[in-house]
Amino acid sequence: MIALCDVNNFYVSCERVFNPALDNRPVIVLSNNDGCAVARSNEVKSLGIKMGAPLHQIQDLVEQHNIAVFSSNYVLYGDMSQRVADIVEQYSDQTEVYSIDELFILFQGFDHLNLTNHCQKMVQQIHQWLGLPVCVGLAPSKTLAKVANHYAKKLNIDGRVLNLSHEYYIKQALEHLPVNELWGIGRRLSEQLHQMGIRTALELRNADIKTMRKRFSVVMERTILELRGIACIDFDADPEKKKQLICSRSFANKSSDFELIKQAVAYHVTRACASLRQQESVAQCLTVFIKTNPFSQKDPQYSNSITIQLPQASDFTGHFLAAASHALKKIYKPGYLYKKAGIMLTNLSDKGTLQTDLFSPDINSPKNSQLMQAMDCINDRFGKGKLKSAREGFGQQWAMKSERKSKEFTTRWDNLLSIR
DNA sequence: TCTGGGGTCCTAGGACCC
DNA sequence: TCTGGGGTCCTAGGACCC
């Protein structure tokens, strides 16, 4: 059996843990740059505010219903997420962190246990230790576990665990589930399924598998098999290293200032290279991209990207900074108001198996390596960005808006909550 | 005026090989 | 008019996820 453990309205729930006045009050957490609503409390959902709604479009509702609005606080959410995972690991040694608020749990050799009870205990412990509400769906496949989790939340199941292992209940659940709510069936696919007359998850499960494979792809075939209780999406306890790393941010305000964009790009390169070293990879390709605000009706639009290949894969920030600065000069056009810049590292490989070139000098000197190590060490100990490249500048004039962020309650001594 | 930031997997088609 | 039968690798684009 596979369980999906998912924290309800995760970001909102994290805010509520440290601010009980938010209980029973509508709460929203915004995306980066205070742009869109990316987490909503149940009260907000029932007001009809959609996932991803831009804040400026729902401003009236916010005032009307006295909705509490927060900037996203990833340090807090990341730490809380880790704490959830730590607890879950006590209940099975096979867990797969699927996202910041979800884990799959594999229960193998647990036949002696009543899994529903086992998971209920886990839910209780998470609630007691962290104050976070989680729901668990149990089923023979990941896709069905997702379905079970969906109903555990929706039906407000006692004990917050729904076990979907009996054929009768599986059918019941799928019969009432619109096909577009399935994991792996997005907007495009459900449109096409609708055209074929397939509207519920049960109808999809009963569809002819060969026809569906032909018409769609192996992905669709797997979804159907999973709905039939045949697990075919791998359980991946320790995910491979990232195959690409992207770092980008929108600017607080649009700008055509080359120097400002250059500093933002340097900042992104620095962050990406630190992640690269952390997972002990090297990258050979660097992509730099910039774009104007696509939502603007009146500003002339421009976006471009360029990919540069290093002579050798590397993890030395300096090489990527130099390449990025070169790349940016090529794509930057004056006169446009830019809103976003970012970089991407691709063609990643293991640092241990790094191939050097027989005919050109090695660009990865031990000196560079030591320098990066020292830098990472200092930044780990004294905080991200304590030591940085001069190219990043000091002002960070482009820095995103984050005007309503709560404190780092769990990771900074001086942000510790005091109780009177 | 204001609209996020990450990721993954699969397929078709082109270029190439013998 | 007739023009084989296998392969591999790479990339762009499309779909999905949170």
Side-chain angles (χ1 to χ4, degrees), chain A residues 4 6-7 9-11 28-40 49-60 62 69-74 77-78 81 96-104 142-143 146 149 179-193 213-223 226 232-234 236 239-254 264 268 271-272 275 279 284-285 287 289 291-299 305 307 309 337 339-348 399-404:
Chain A
L4 177 70
D6 180 322
V7 185
N9 313 331
F10 181 52
Y11 297 172
I28 280 176
V29 177
L30 300 172
S31 61
N32 275 342
N33 224 16
D34 292 349
C36 305
V38 290
R40 301 156 297 154
I49 292 177
K50 295 267 184 303
M51 172 69 175
L55 177 62
H56 67 94
Q57 284 177 11
I58 53 172
Q59 201 60 60
D60 289 350
V62 167
V69 179
F70 290 89
S71 304
S72 36
N73 183 346
Y74 289 105
Y77 311 149
S81 173
E96 173 187 340
V97 175
Y98 178 65
S99 73
I100 193 162
D101 71 326
E102 283 174 61
L103 299 105
F104 284 110
K142 281 185 172 178
T143 305
K146 276 270 191 183
N149 186 280
V179 75
N180 57 293
E181 303 226 3
L182 281 171
W183 190 47
I185 306 293
R187 196 168 48 85
R188 294 302 174 95
L189 286 176
S190 40
E191 268 169 31
Q192 294 181 54
L193 289 170
R213 160 88 200 231
K214 229 179 190 173
R215 167 84 203 274
F216 298 94
S217 75
V218 67
V219 182
M220 179 66 81
E221 185 182 25
R222 284 204 280 254
T223 297
E226 287 248 321
C232 39
I233 297 175
D234 283 342
D236 195 359
E240 296 280 299
K241 297 172 179 182
K242 295 275 195 317
K243 295 166 183 174
Q244 56 178 32
L245 292 166
I246 301 173
C247 285
S248 73
R249 286 282 179 276
S250 295
F251 307 144
N253 301 300
K254 42 195 181 181
H268 299 320
R271 277 199 303 150
S275 304
Q279 65 162 29
Q284 183 144 29
C285 291
T287 303
F289 56 90
K291 57 165 78 173
T292 51
N293 180 4
F295 297 101
S296 171
Q297 301 288 331
K298 57 176 193 1
D299 295 339
S305 75
T307 301
Q309 188 166 2
L337 288 166
K339 181 64 180 169
K340 185 174 181 175
I343 70 107
M344 178 158 60
L345 297 178
T346 49
N347 277 26
L348 268 51
M400 67 179 183
K401 265 179 244 161
S402 182
E403 290 167 351
R404 320 181 198 201

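Quick caveat, the model's predicted, so the values are computed rather than measured. To find a chain, count down the sequence lines: A is the first, B the second, and so on, and within it residues start at 1. All values below were derived from every heavy atom in this structure, side-chain atoms included, with hydrogens, water molecules and symmetry-related copies excluded.
Whole-Å rounding puts the A/Arg271 CZ to B/dG4 P distance at 16 Å. The distance from atom CG of A/Leu345 to atom P of B/dG6 is 12 Å, rounded to the nearest whole Å. Between the CG atom of A/Leu30 and the P atom of B/dG4 there is a distance of 11 Å, given to the nearest Å. One interatomic measurement links the two molecules: OH of A/Tyr74 to C1' of B/dG6, which rounds to 9 Å at whole-angstrom precision. Between A/Lys291 atom NZ and B/dG4 atom C1' there is a gap of 11 Å when expressed in whole angstrom units. Between the NZ atom of A/Lys243 and the C1' atom of B/dG7 there is a distance of 11 Å, given to the nearest Å. The interatomic distance linking A/Leu348 (CG) with B/dT8 (C1') rounds to 14 Å, in whole Å. One atom, CD of A/Glu221, and another, P of B/dC9, lie 18 Å apart when rounded to the nearest Å.
Residues passing the side-chain contact (heavy atoms from CB on, under 4.5 Å) test with A/Gln279 are A/Lys241, A/Lys242, A/Ser281, A/Leu348, sequence neighbours excluded. For A/Lys243, the salt bridge (Lys or Arg N to Asp or Glu O under 4.0 Å) criterion is met by no residue, not counting sequence neighbours. In this structure, A/Phe70 has no ring-ring contact (aromatic ring centres under 6.0 Å, His included) partners at least two apart in sequence or on a different chain. In terms of the side-chain contact (heavy atoms from CB on, under 4.5 Å) criterion, residue partners of A/Ser275 (sequence neighbours excluded) are, by chain and number, A/Leu245. In this structure A/Gln57 satisfies the side-chain hydrogen bond (donor to acceptor under 3.5 Å, both in side chains) test with no other residue, sequence neighbours excluded. Taking the side-chain hydrogen bond (donor to acceptor under 3.5 Å, both in side chains) definition, one finds that A/Thr307 meets it with A/Thr287, sequence neighbours left out. Qualifying side-chain contact (heavy atoms from CB on, under 4.5 Å) partners for A/Gln59, counting only residues two or more places apart in sequence or in other chains: A/Leu55, A/Val62, A/Glu63. Remark: A/Glu403 pairs with A/Asp34, A/Lys401 by the side-chain contact (heavy atoms from CB on, under 4.5 Å) rule, at least two apart or across chains. When the side-chain hydrogen bond (donor to acceptor under 3.5 Å, both in side chains) test is applied to A/Asn33, no partner is found at least two apart in sequence or on another chain.
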Counting primed atoms, P, OP1 and OP2 as sugar-phosphate and everything else as base, the B/S/- map of nucleotides 10-18 of chain C against protein heavy atoms under 4.0 Å is -----SSSS

Atom pairs, N/O to N/O, protein against nucleotides 1-3 of chain B, distance under 3.5 Å?
from	atom 1	to	atom 2	distance (Å)
B/dC2	N3	A/His56	ND1	3.3
B/dT3	OP1	A/Lys339	NZ	3.1

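Within the 4.0 Å cut-off from OP1 or OP2 of B/dG6, at least one side-chain nitrogen or oxygen of A/Ser248 is found. At least one side-chain nitrogen or oxygen of A/Arg249 sits closer than 4.0 Å to the OP1 or OP2 atom of B/dG6.
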Given Watson-Crick and G-U pairs under 3.5 Å, DNA chain B in dot-bracket ([ ] crossing, | other strand) is ....||||||||||||||

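In this pair, A/Tyr11 and A/Tyr77 present their aromatic rings parallel. The plane angle is below 30°, not in the 30 to 60° band.
A/Gln309 places no side-chain N or O within 3.5 Å of a backbone atom of A/Gln284 that could act as its donor or acceptor partner.
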